[in-house]
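Shown next, in structure tokens, is the structure this report addresses.
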Amino acid sequence: MSPTKSPSGRPPLQEENSVAHHESKNLGKPTTETRKKAEVEKKRISSATELSVKSSKQRETECNSIGEYFQTKQELTDVQRNTALTPVDKLQSQKMVKNKSQRRKAQRKKSPNRKLTDYYPVRRSCRKSKTELESEEKMRIDELIQTGKEDGMKMDMIIGKGRGVIATRDFQRGEFVVEYHGDLIEITDAKRREASYAQDSATGCYMYYFQYLNKTYCIDATRETGRLGRLINHSKSGNCHTKLHNINNVPHLILVASRDILVGEELLYDYGDRRKSSIEAHPWLKN
């Protein structure tokens, strides 16, 4: 009876050697499957490296963003802490501000030469205002009227007129010349006196009527005095004109220069009497 043979027809030892030899051949030369596995592993490692680099950058960005966030939050917290003050804190802060302003004011008072005028003194004008000049002129006229001074003129005989007044100095336009001095009377007394003067042809009439505070008055200068205003003659184109001047609510009739008057000129003004009877009695009123 022959011994049983293995299906391969080879002895076990020979089969083992054959397998080992085959594996050694496979190890010596890599197969296609092995190469594919190696490439897959290489790609996996490369992608893992890229992911790690990206994640580190993201972490760095996130860290920066978190730091900024906390810094902003801290600032907002400080602002809120400052704004959300209690009434006591607000009162204290107001006191501090008030004390600070008071200290500044005290420093301004104590510190010298803080004004521009300390370095550049103010040059005040010596010119007087129009109101001051008018007030001074009124006071001057008041004094001349009350004292009766009549400077800058003299009485002289004028051919064809008789007595007249001549300027002995220059007068400027608008300047006070002289007062028409006489008795200040009301209209009823004036009419009675005028009728009495008309009965005596030798007596002249030196009466001047005017309105003051809606009332008619008259200056009667018929009585002979040493005043020159009553002797100034008539002319429709005179170099003087009449004007009312008030002293303590009492009207005074004055003559003012209508234009510049030179030395030697006769002083003249318009009597203003246009009545027929007056012109017939005194023909020179026409001129």
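Please read all numbers here as calculations on a predicted model, not as lab measurements.
Looking at Ile219 and Leu184, their side chains come closer than 4.5 Å, going by heavy atoms from C-beta outward. Under the 4.5 Å side-chain criterion, counting only non-hydrogen atoms from C-beta, Met153 is in contact with Phe171. You'll find the side chain of Thr168 stays beyond 4.5 Å of the side chain of Val263, heavy atoms only. Residues Leu255 and Leu267 fail the side-chain proximity criterion, which asks for heavy atoms closer than 4.5 Å. Between Lys138 and Phe176 there is no side-chain heavy-atom pair separated by less than 4.5 Å. Residues Val177 and Cys240 have side chains in contact (heavy-atom distance under 4.5 Å, counting atoms from C-beta outward). The closest side-chain heavy-atom distance from Ile261 to Asp170 is not below 4.5 Å.
To the nearest 0.5 Å, the span separating CG on Asp156 from CG on Leu228 amounts to 11.5 Å. To the nearest 0.5 Å, atoms NZ (Lys154) and CG (Leu231) are separated by 14.5 Å.
Of the possible donor and acceptor atoms, none in the side chain of Asn248 sits under 3.5 Å from a partner among the backbone N and O of Val250. At least one donor-acceptor pair under 3.5 Å links the side chain of Arg230 to the backbone N or O of Thr222. With hydrogens and angles ignored, the 3.5 Å screen pairs no side-chain donor or acceptor of Lys236 with any backbone N or O of Tyr269. Listed for the Thr216 side chain is no donor-acceptor partner under 3.5 Å among the backbone atoms of Gln211. Looking at Asn233, its side chain never comes within 3.5 Å of a backbone N or O of Val165 through a donor-acceptor pair. Remark: side-chain polar atoms of Glu266 are not paired, donor with acceptor, to backbone N or O of Ile166 under 3.5 angstrom. Checking side-chain atoms of Asn246 against main-chain N and O of Pro251 turns up no donor-acceptor pair under 3.5 Å. When atom types are taken as modelled, the side chain of Asp183 and the backbone of Ile185 share no donor-acceptor pair closer than 3.5 angstrom. When atom types are taken as modelled, the side chain of Glu265 and the backbone of Leu262 share a donor-acceptor pair closer than 3.5 angstrom. For Ser135 (side chain) and Thr131 (main-chain N/O), no donor-acceptor pair under 3.5 Å exists by modelled atom type.
One hydrophobic cluster, built from ILVMFWY side chains closer than 4.5 Å, holds both Tyr271 and Leu253. Transitive grouping of hydrophobic side chains (ILVMFWY, heavy atoms separated by less than 4.5 Å) brings Tyr197 and Ile187 into a common cluster. Placement of Leu213 and Phe210 within a single hydrophobic cluster is found when ILVMFWY residues are connected by side-chain heavy-atom separations under 4.5 Å, directly or transitively. Cluster annotation: Val256 is connected to Ile247 through the hydrophobic network of ILVMFWY side chains, with a link wherever side-chain heavy atoms come within less than 4.5 Å. Linking Ile, Leu, Val, Met, Phe, Trp and Tyr whenever their side-chain heavy atoms come within less than 4.5 Å leaves Met155 and Leu268 in two separate clusters.
Within 6.0 Å of atom NZ in Lys161, more than 12 heavy atoms from other residues, nucleotides or ligands are found, so the atom counts as buried in its surroundings. For Arg173, the CZ atom is loosely surrounded, since the number of other residues' heavy atoms within 6.0 Å does not exceed 12. In this structure, Arg223 places its CZ atom where only 12 or fewer heavy-atom neighbours from other residues, nucleotides or ligands lie under 6.0 Å away.
His252 pairs in a side-chain hydrogen bond (donor to acceptor under 3.5 Å, both in side chains) with only one of the listed residues (Glu179, Gln146, His181), which is Glu179.
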**Message:** Is there a salt bridge (Lys or Arg N to Asp or Glu O under 4.0 Å) between Arg192 and Glu186? Walk through the geometry before answering.
**Reply:** CA-CA 10 Å; Arg192 187 175 62 252; Glu186 295 185 2; over 6 Å; no
Evaluate the side-chain hydrogen bond (donor to acceptor under 3.5 Å, both in side chains) criterion for residues Tyr217 and Asp189: first the C-alpha distance (whole Å), next the side-chain angles of each, then the deciding distance (0.1 Å), finally the verdict.
-> CA-CA 9 Å; Tyr217 291 91; Asp189 293 336; over 6 Å; no
Full working for side-chain hydrogen bond (donor to acceptor under 3.5 Å, both in side chains) between Tyr206 and Glu224 | CA-CA 10 Å; Tyr206 297 82; Glu224 285 286 344; 5.0 Å; no
*asked:* Could you walk me through whether Ile145 and His245 satisfy the side chain to side chain contact (heavy atoms under 4.5 Å, CB included) test, starting with their C-alpha distance in whole Å, then the side-chain angles of each, then the deciding distance to 0.1 Å, before giving a yes or no?
replied: CA-CA 10 Å; Ile145 290 172; His245 186 83; 3.8 Å; yes
side-chain hydrogen bond (donor to acceptor under 3.5 Å, both in side chains) evaluation trace for Thr242 with Tyr180: CA-CA 9 Å; Thr242 58; Tyr180 188 84; over 6 Å; no
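A salt bridge links Glu137 to Arg140: at least one charged side-chain nitrogen sits closer than 4.0 Å to a carboxylate oxygen.
The two residues Asp220 and Arg193 have their closest heavy-atom pair at OD2-NH1, 2.9 Å.
There is no side-chain donor-acceptor pair under 3.5 Å between Tyr212 and Asn249.
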